[in-house]
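Notes follow once the structure below has been shown.
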Protein chains: 2
Amino acid sequence: MSSALPCHPAEKPKRETCSICADCCVRHLAVCAALDGDELDALEAIMSSKQLGANEMLVEEGQEKTRVYSLTSGMLRLYTSLPDGRRQISGFLFPGGYLGLADDEVHSQTVEAVVPSVLCSFSDREMNALMERYPQLKERLYEMTKFALRQAHDNQMILGRLAPVEKLASFLLLLANRPQAETTSNPVHLAMNRTDIADYLGLTIETVSRSFTKLKTQGLIRLIDANTVEITSYRSLAAVAGLDITHLMSTANA
Amino acid sequence: MSSALPCHPAEKPKRETCSICADCCVRHLAVCAALDGDELDALEAIMSSKQLGANEMLVEEGQEKTRVYSLTSGMLRLYTSLPDGRRQISGFLFPGGYLGLADDEVHSQTVEAVVPSVLCSFSDREMNALMERYPQLKERLYEMTKFALRQAHDNQMILGRLAPVEKLASFLLLLANRPQAETTSNPVHLAMNRTDIADYLGLTIETVSRSFTKLKTQGLIRLIDANTVEITSYRSLAAVAGLDITHLMSTANA
DNA sequence: CGCGAGGTTGAAACAGTTCAACACTTGTGG
DNA sequence: CCACAAGTGTTGAACTGTTTCAACCTCGCG
């Protein structure tokens, strides 16, 4: 689906005699960046692979947390729902992202694949054991949790104080500058649909659509197609967003 | 100001020959719950006390993080601002709360006292050293960070998907059930003013005021005075809030 | 070719914001 | 002790913008 890098583990034979982690192209972004050599083998020993189809659910809110995951390729959405069906997407998970940072015993959010995805799966118990054995692994997860918390704070500003166009501008900049791509990616591919964007930004799909039109009319973006956005004027878009997101570009993964 | 428990360290002589931490009444809520005996002495050795007047600023967004804090008594607000002055309060810190969970080198938020407050202050460097020495201290901070992340996710739902009355209802329930009081406190004392509430919930002060009136008219709350709310019907208020916040009551501090 | 899903656009309804006035409390100074 | 000003909160009325509801468009696919 996505014109991603040519090397996901899924495309290789599942488990060879030797390390597949070592060749993983998102390793430097993921938890596993904390490990090397033997340590990596130990991680690999408790790892299994998991694939998800588009919109397939991985975990559901309230479910016991028995396994944790590291996303290799694809994209996930994390959300909570209200009894009446209203939904708030708290974030999207990109390759290198870790699933289970916020939760202790129970998952506090539902997780679904936005597009077909591949994950590394671990028993929560075994992962905890490994964290005791390799403190740098725990340290890494701690750093990733802190980063997630900063992201959540930025999100609160977006949700609480930005106007719809500003929200969308921030969102596009966030996608353009997300760490995975290393450099600023342009045009930006929107793997999620308008409903997802709306539920992430606290808007309706109609308002999202109208905000796209506004940015287009103002000449800040160009919609190559409904899911591909070219950022025509990066600076102006950042000015509209108001939010200073520069720290999200570099700090990405400490 | 607040009719709090009778024992804040501030009321005692500043540093006696022996442990003041051991007598601290919020210790079981704070970082220090992870430590005991000698360990507690080690923490106390690097600790100093800090007092803040109402609305006094402790740290400013962008400032280098040289010290970290544990709140003993009072209340703090944490927020970020936009260039044009719009403000989003990401949360309030209550006694036992820790300041500096999300940040690495630089503070990502401004912190001010809502009411006169007393804090334990530590050099960030020394605290890190202590965390290396006592892994359970790091573990404790990690748990508190995870809790903060879950809180942030709940907040995103409140900001993005709840109507004003629902937002206010959630906010009141949050205050009523916050861990410090141990039991559900009623009536609830609002130490912060309407502007703070508005900037926390993503509303204007007028809408906050009107929402108070609506809850009052519906018979769910009673305003003893502008800053004291009696929850008349807890269940109905929870129903209005929509949000299930029960997990915030018990999980408080793992 | 026609159906369905996803996205855009238009018009009306509604709700939160804005602007303004008023009430209440507190502190200052005559 | 009272008058007055300042700060905070509430209420009203008009306005603006998002939501709602509906229609329409486009694309992919059976």
Side-chain angles (χ1 to χ4, degrees), chain A residues 1 53-55 77 82 84-89 112 114-115 158-169 171-172 188-218 221-229 240, chain B residues 1 53-55 77 82 84-88 114-115 158-172 188-218 221-229 240 242:
Chain A
M1 183 71 222
N55 298 311
R77 64 175 154 254
L82 293 177
D84 63 7
R86 280 177 288 179
R87 191 176 71 148
Q88 177 65 46
I89 295 183
E112 292 169 357
V114 174
V115 294
I158 291 176
L159 287 167
R161 284 300 178 217
L162 296 194
V165 209
E166 298 173 319
K167 288 184 178 184
L168 186 60
F171 178 64
L172 293 175
V188 179
H189 174 69
L190 306 175
M192 70 295 286
N193 61 23
R194 297 295 189 263
T195 307
D196 283 339
I197 300 177
D199 285 347
Y200 177 71
L201 297 176
L203 301 169
T204 60
I205 54 171
E206 292 93 336
T207 303
V208 170
S209 184
R210 283 185 242 272
S211 299
F212 268 115
T213 306
K214 275 184 196 166
L215 290 177
K216 210 169 52 183
T217 308
Q218 292 179 252
I221 63 167
R222 204 164 64 85
L223 279 177
I224 298 172
D225 67 76
N227 294 315
T228 315
V229 182
V240 169
Chain B
M1 183 70 222
N55 298 311
R77 62 176 156 254
L82 293 178
D84 63 7
R86 281 177 287 179
R87 191 177 71 150
Q88 177 65 46
V114 174
V115 293
I158 291 175
L159 286 167
R161 284 301 178 214
L162 296 193
V165 209
E166 298 174 317
K167 289 184 178 184
L168 186 60
S170 304
F171 178 65
L172 293 175
V188 179
H189 174 69
L190 306 175
M192 70 294 286
N193 61 24
R194 297 295 188 264
T195 306
D196 284 338
I197 300 177
D199 285 346
Y200 177 70
L201 297 176
L203 301 169
T204 60
I205 53 173
E206 292 93 337
T207 304
V208 170
S209 184
R210 282 185 243 274
S211 300
F212 268 116
T213 306
K214 276 184 196 165
L215 290 177
K216 210 169 52 182
T217 308
Q218 291 178 253
I221 63 167
R222 205 164 63 86
L223 279 176
I224 297 172
D225 67 76
N227 294 315
T228 315
V229 181
V240 169

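In what follows, chains carry the letters A, B, and so on, assigned in the order in which the sequence lines appear, proteins first and then strands, with residues in each chain numbered from 1.
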[X] [atom1] - [N] [atom2] separation (whole Å):
X: K216(A); N: dT8(C); atom1: NZ; atom2: P; answer: 7 Å
X: L223(B); N: dT10(D); atom1: CG; atom2: P; answer: 7 Å
X: D199(B); N: dT17(C); atom1: CG; atom2: P; answer: 11 Å

Less than 4.5 Å apart, any side-chain heavy atom of [X] and any of [Y]?
X: V229(A); Y: R222(A); result: no
X: Q218(B); Y: K214(B); result: yes
X: L203(B); Y: L168(B); result: no

Q | Stepwise salt bridge (Lys or Arg N to Asp or Glu O under 4.0 Å) test for D196(A) and R87(A) | A | CA-CA 9 Å; D196(A) 283 339; R87(A) 191 176 71 148; 2.8 Å; yes

Q: Could you tell me which residues satisfy ring-ring contact (aromatic ring centres under 6.0 Å, His included) with F212(A), sequence neighbours excluded, listed by chain and number?
A: none

Q.
If you apply the rule side chain to side chain contact (heavy atoms under 4.5 Å, CB included), what do you find for L172(A) with L215(A), and how did you get there?
A. CA-CA 11 Å; L172(A) 293 175; L215(A) 290 177; 4.0 Å; yes

Taking only N/O atoms, report every protein-nucleotides 25-30 of chain D pair under 3.5 Å with atom names and distance.
none

(Q) I'd like to know whether D199(A) forms a salt bridge (Lys or Arg N to Asp or Glu O under 4.0 Å) with R77(A), so could you lay out the CA-CA distance, the side-chain angles of the two residues, the decisive distance to 0.1 Å, and finally the verdict. (A) CA-CA 10 Å; D199(A) 285 347; R77(A) 64 175 154 254; over 6 Å; no

Q: State which residues pass salt bridge (Lys or Arg N to Asp or Glu O under 4.0 Å) with R86(A); sequence neighbours excluded, sorted by chain then number.
A: D84(A), E166(B)

Q: List the atom of V114(A), the atom of A54(A), and the distance in Å for their closest heavy-atom pair.
A: O-CB, 3.9 Å

Protein N or O to nucleotides 3-7 of chain C N or O, pairs below 3.5 Å:
residue : atom : partner : partner atom : Å
dG7(C)  : OP2  : R194(A) : N            : 3.2

Q: With sequence neighbours left out, write down each residue that passes side-chain hydrogen bond (donor to acceptor under 3.5 Å, both in side chains) with T228(B), or none if nothing qualifies.
A: D225(B)

**Q.** nucleotides 15-22 of chain D: protein proximity per nucleotide (B base, S sugar-phosphate only, - neither; heavy atom, under 4.0 Å)
**A.** ---SBBB-

